[in-house]
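First up is the structure itself, then whatever we jot down about it.
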Amino acid sequence: MDDFYRELIIDRYKNPIYKGELDPHNFSYEDENPLCGDHIRIDLNIDKNNLITNAAFSGHGCAISQASADLLLETIIGKNIDEVKAISKDTILELLGIELGPVRLKCALLSLKVLKAGIYGIGEIEEDLADL
Amino acid sequence: MDDFYRELIIDRYKNPIYKGELDPHNFSYEDENPLCGDHIRIDLNIDKNNLITNAAFSGHGCAISQASADLLLETIIGKNIDEVKAISKDTILELLGIELGPVRLKCALLSLKVLKAGIYGIGEIEEDLADL
Amino acid sequence: MGLDVKKIKSDFPILAREIRNGIPLVYLDSAATSQKPQVVIDAMTKYYQFSNANIHRGVHTLAEEATGMYEDVRKKVANFINAKSEKEIIYTRNTTESINLVAQTWGKTNLEEGDIIVLTEMEHHSNLVPWQMLAAEKHLNLEFVTVTDDGLLNLQVYKELLEKSPKLVSFTHMSNVLGTINPVKEMINLAHQAGALTMIDGAQSVPHFPVDVRDLDADFYAFSAHKMLGPTGFGILYGKEKLLDAMPPFMGGGDMIKKVLLRSFKPNDLPHKFEAGTPAIAEAVGLGAAIDYLQALGMDNIALHEHELTNYAFQKLSEIENLIIFGKNNNRGGVIAFELGIIHPHDVAQILDRHGIAIRAGHHCAMPLHEKFGIPATSRASFYLYNSYEDVDRLVEGINIASDLFG
Amino acid sequence: MGLDVKKIKSDFPILAREIRNGIPLVYLDSAATSQKPQVVIDAMTKYYQFSNANIHRGVHTLAEEATGMYEDVRKKVANFINAKSEKEIIYTRNTTESINLVAQTWGKTNLEEGDIIVLTEMEHHSNLVPWQMLAAEKHLNLEFVTVTDDGLLNLQVYKELLEKSPKLVSFTHMSNVLGTINPVKEMINLAHQAGALTMIDGAQSVPHFPVDVRDLDADFYAFSAHKMLGPTGFGILYGKEKLLDAMPPFMGGGDMIKKVLLRSFKPNDLPHKFEAGTPAIAEAVGLGAAIDYLQALGMDNIALHEHELTNYAFQKLSEIENLIIFGKNNNRGGVIAFELGIIHPHDVAQILDRHGIAIRAGHHCAMPLHEKFGIPATSRASFYLYNSYEDVDRLVEGINIASDLFG
Ligand SMILES: Cc1ncc(COP(=O)(O)O)c(C=O)c1O
Ligand SMILES: Cc1ncc(COP(=O)(O)O)c(C=O)c1O
């Protein structure tokens, strides 16, 4: 087994838990990685206390981007919006448990970027996104 | 005395024999070296036997171009047009008696180029001029 | 004559590199850019250490040497692609700039609203976007020769499009995804019969097999130094002298002028008319050394070597389960793009990289072609004169490891 | 801190060269192009020998290394001229292309018939011809700040021209003939008050003294790597992010796009929007090493050294009979253009070359300025950090020999 592609990553890629679309949902946002064309859409249900009650992602991408999306959604369900805003690059890297070069980092962070962009409202706080 | 700038060249530059304009003349042609902006005009009188009876050059340029113009005109007076057409790059280099790099070669050959261009008629036989 | 690949490999310092401890590099990404032999690097080093000067306007020794070296390469390039004269060789930054130059000078002055340009579905973005920009500005129509499932151009469609009397046909000599080598000579002939001019994207051809622009009768032909053992930052536009002569200048500045007044200028003669400002002098010298290296081996020998290697790779890869190669077997150059089951190309490339094998993953600057085939990305291995059968074996090994990992 | 010129000279291999047997080179043509220290050559060699790959789209190790090296230089350049962000640093071929880029993108979309662009009589052709081409196409008016007999810009004329509400003012930071350093900050301020944008030609400034684009408040700023110890084939355009963002792309092709369909494309974000095709990667790396070298010495120290050297040369040259220097003494950089009696500049340069001294002769790509002064050509000596007082002495010696020869 390649130490880079941890079993967890391949497992989540092949058998994602949160893949799909939510119907109904009250939040949805999507974007793509211009370098590779990978595309991710995230649907959420957010209750009146700003708590994320359910989540799903769709789209296509590499194992890194798909697994990190799946792991990310697992993490945020049950959290509120402010807690999600506090999630950083490092959180994702810890979830994945591997080190990444600059190009693959973009894959890993795509789902977080989509999630945050959606939550902040398009372009609302670009600063926080600038180094994702 | 620098072996490159032979006394002859500097002498001809400072005291050219054929510098000026011919009035009247029945042939005149001018052109410039685009690399340095040097400009030469050559006036001739050509008789009905195609013999060059008189010549003068005007314009400005470096010692090499001015001296070679002066030496060239000295050579062609009394010759006929066909003999002038036969004058080559090597003739000029022999007259100057020095070796030249590609840039200065253009200076040395400017007067011959102007003369031949005029004699052939503008653009008539570009081939013969191509490597001047 | 077969190539002595072992000897050739030793000419390229980077090929001795290890990617991680003990993992030697296998470079299979030459379609993106080629590696450089030491002689090319040395030529540029020597230029900088001994003759560096600005060109054309200088009287001093360095300037004369630099000018001579710079202009000698033009003759070498002309000879390499059999142009009639070095006046037909314009120095640019890359293939992309060469194509933009034609669009912005010839295109701007010769095309009018409603005019048709014929392109193909297999074009690199560099041979699409310049024409899209021009089309938007001048309200032109772009038409596309379709690509068959085999990865070939549909010549029937091409002929039908020619009946619409396009002004220009522009297409690639060899696809950088499918590997397809197009029947350029025949296509140019058809275009000329229909009254169209032709621009050929030679980025993938000139490095890999003999190209004779006069035999092809191409009107414009573009390629990049960095894909043919030369340096980055240097490209060539070939154009027929009559066409180039009639075109307006591209950029304005030093060297492209004969005379400048405050409010007007007189453009210089060919080829300088199209080269504004201090050019890539050391890079020209580098390309000269690259051409010498290629010619010493012989372009025919290089083409044969790549052909055999590609056949071998094609054979080996065909045996891998779940591996689908894009593009037909025959008439292909040394480029193989493939899909590997459910494994995303980025993952394929990354796993291979961990075993020292450099391939490319993505759309290879041919998004429309990928769109057509319904996949956003492919993995691509590409070969050059320094690749061996062993390199192919290591590629196959790596792919098997990736398959197992995701199995 | 004074520069250790002896040590510096030893960093530049070419400066140890002999022009002919036993005649060592004295290089006084840095305004045309600078020489390169070994560290710059080595950086490019190492790139080619160890990390060469195409950038941005690659997953493999070489591609990641190359991309990192290429983009790190952008930060270095931004820092060097104090840009706010590396998004404001566009890679081009040279100063000339940088200016053409602004003319063809900003100029094309923001200027209309009758609009005024203010230039000056001391501009290099690179800052004249692009605007002449644009003016011809869009029917603009070009106006010129005159040059005084001292070689200074006439600020009174400048202010009068600003009253005509020009859309753009474009001028050189330092003249490559007169050596004049223009009051750029004040002039930009005046332009902004008049509602004009500003484009500064920094080809002769960035290599020689500290430049802070934010302090100057320049809207666009252009310079070339080859004049600042870097390689040929590489230049920079700085632009304020808001302006660059609003501009259409320059050339079309790979890397400058986000998405391509057959008939349309979506441009990429800054800075990539303006960089089409495979760029000059090794050259970027070379410029990075050049900036490191310059910064290690300190731009202030370099400026001071050149200032003192120029004063010394000015002094010495003033003593030569029949020698006329163009341009005023104060506020000048290390460029001295002169006339020497009846001796044509080509002859001056050639005689000096025979004594190993490289100067330039001609119009220095500033024909209109020469026209104004009524001479087709001048001789020009220019200095850089590797020049010593001894170099100046040898120049003076050489000039005296020329004078005697023609005396
Ligand atoms: C003031 C000035 N502007 C522009 C240029 C043009 O620079 P480049 O030839 O590198 O484009 C030069 C140098 O030749 C210059 O001195
Ligand atoms: C077919 C084809 N055309 C054009 C290009 C563009 O070449 P460059 O990036 O050197 O301009 C490439 C390579 O990337 C290519 O493969």
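The shown structure was predicted, so the numbers you read here are calculated from the model rather than taken from an experiment. By convention in this document, chain letters (A, B, ...) are assigned in the order of the sequence lines, proteins followed by strands, and residues within each chain are numbered from 1.
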Looking only at non-hydrogen atoms, find the nearest pair between [X] and [Y] and report the distance.
X        : Y        : value
C:Val260 : D:Met367 : N-SD, 3.3 Å
D:Phe50  : C:Arg17  : O-NH1, 2.7 Å
C:Asn94  : D:Ala276 : ND2-O, 3.5 Å
D:Pro130 : C:Gly253 : CD-N, 4.5 Å
D:Met133 : C:Met251 : SD-C, 4.0 Å

Under the 3.5 angstrom rule, does the side chain of D:Thr232 hit a backbone N or O of C:Ala282 as a donor-acceptor pair? yes
Any donor-acceptor pair under 3.5 Å linking the side chain of C:Arg360 with the backbone of D:His60? no
Heavy-atom proximity to chain C below 4.5 Å, by part of [X]:
X        : answer
D:Asn52  : both
D:Glu64  : neither
D:Asn100 : side chain
D:Ser264 : backbone
D:Ile281 : both
D:Ile99  : neither
D:Pro231 : both
D:Lys108 : side chain
D:Gln350 : both
D:Ser34  : backbone
D:Lys259 : both
D:Ile55  : backbone
D:Leu128 : side chain
D:Tyr27  : side chain

Taking the side chain as every heavy atom from C-beta outward, state whether C:Leu62 and D:Ile19 have any pair of such atoms under 4.5 Å apart. yes
Given side chains that start at C-beta, do those of D:Leu261 and C:Glu371 come closer than 4.5 Å, heavy atoms only?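 The answer is yes, as the side chains (C-beta and beyond) meet within the 4.5 Å cut-off.
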Based on non-hydrogen pairs under 4.5 Å, which of [options] is most in contact with chain C?
options                              : result
D:Leu101, D:Thr96, D:Leu15           : D:Thr96
D:Ala16, D:Ala349, D:Gly254          : D:Gly254
D:Gly356, D:Pro279, D:Ala366         : D:Pro279
D:His364, D:Arg20, D:Glu97, D:Met256 : D:Glu97

[X], part contacting chain D, at a heavy-atom distance under 4.5 Å:
X        : result
C:Glu18  : neither
C:Ser224 : neither
C:Leu25  : side chain
C:Glu65  : side chain

Got a second to check how far [X]'s [atom1] is from [Y]'s [atom2], nearest 0.5 Å?
X        : Y        : atom1 : atom2 : value
D:Asn54  : C:His226 : CG    : NE2   : 6.0 Å
D:Tyr48  : C:Gln35  : OH    : CD    : 10.5 Å
C:Arg93  : D:Glu275 : CZ    : CD    : 8.5 Å
D:Leu262 : C:Lys372 : CG    : NZ    : 9.0 Å
D:Lys36  : C:Met44  : NZ    : CE    : 13.5 Å

For chain D, the option from C:Ala284, C:Ser51, C:Ala63, C:Pro248 that forms the most heavy-atom pairs under 4.5 Å: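 Result: the option with the highest number of such pairs is C:Ser51.
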Heavy-atom pairs under 4.5 Å with chain D are the metric here; pick the option from C:Val40, C:Asp42, C:Val129 that has the most.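 Option with the greatest count: C:Val129.
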With the threshold set at 4.0 Å, does a side-chain nitrogen-carboxylate oxygen contact exist between D:Arg263 and C:Glu121? no
Assess the residue pair C:Thr61 and D:Asp353 against the criterion (side-chain hydrogen bond (donor to acceptor under 3.5 Å, both in side chains)); give the C-alpha distance rounded to whole Å, side-chain angles, the decisive distance to 0.1 Å, and a yes or no. CA-CA 7 Å; C:Thr61 302; D:Asp353 180 61; 2.7 Å; yes
Ignoring hydrogens and angles, state whether a donor on the side chain of C:Gln38 or D:Gln49 is under 3.5 Å from an acceptor on the partner side chain. yes
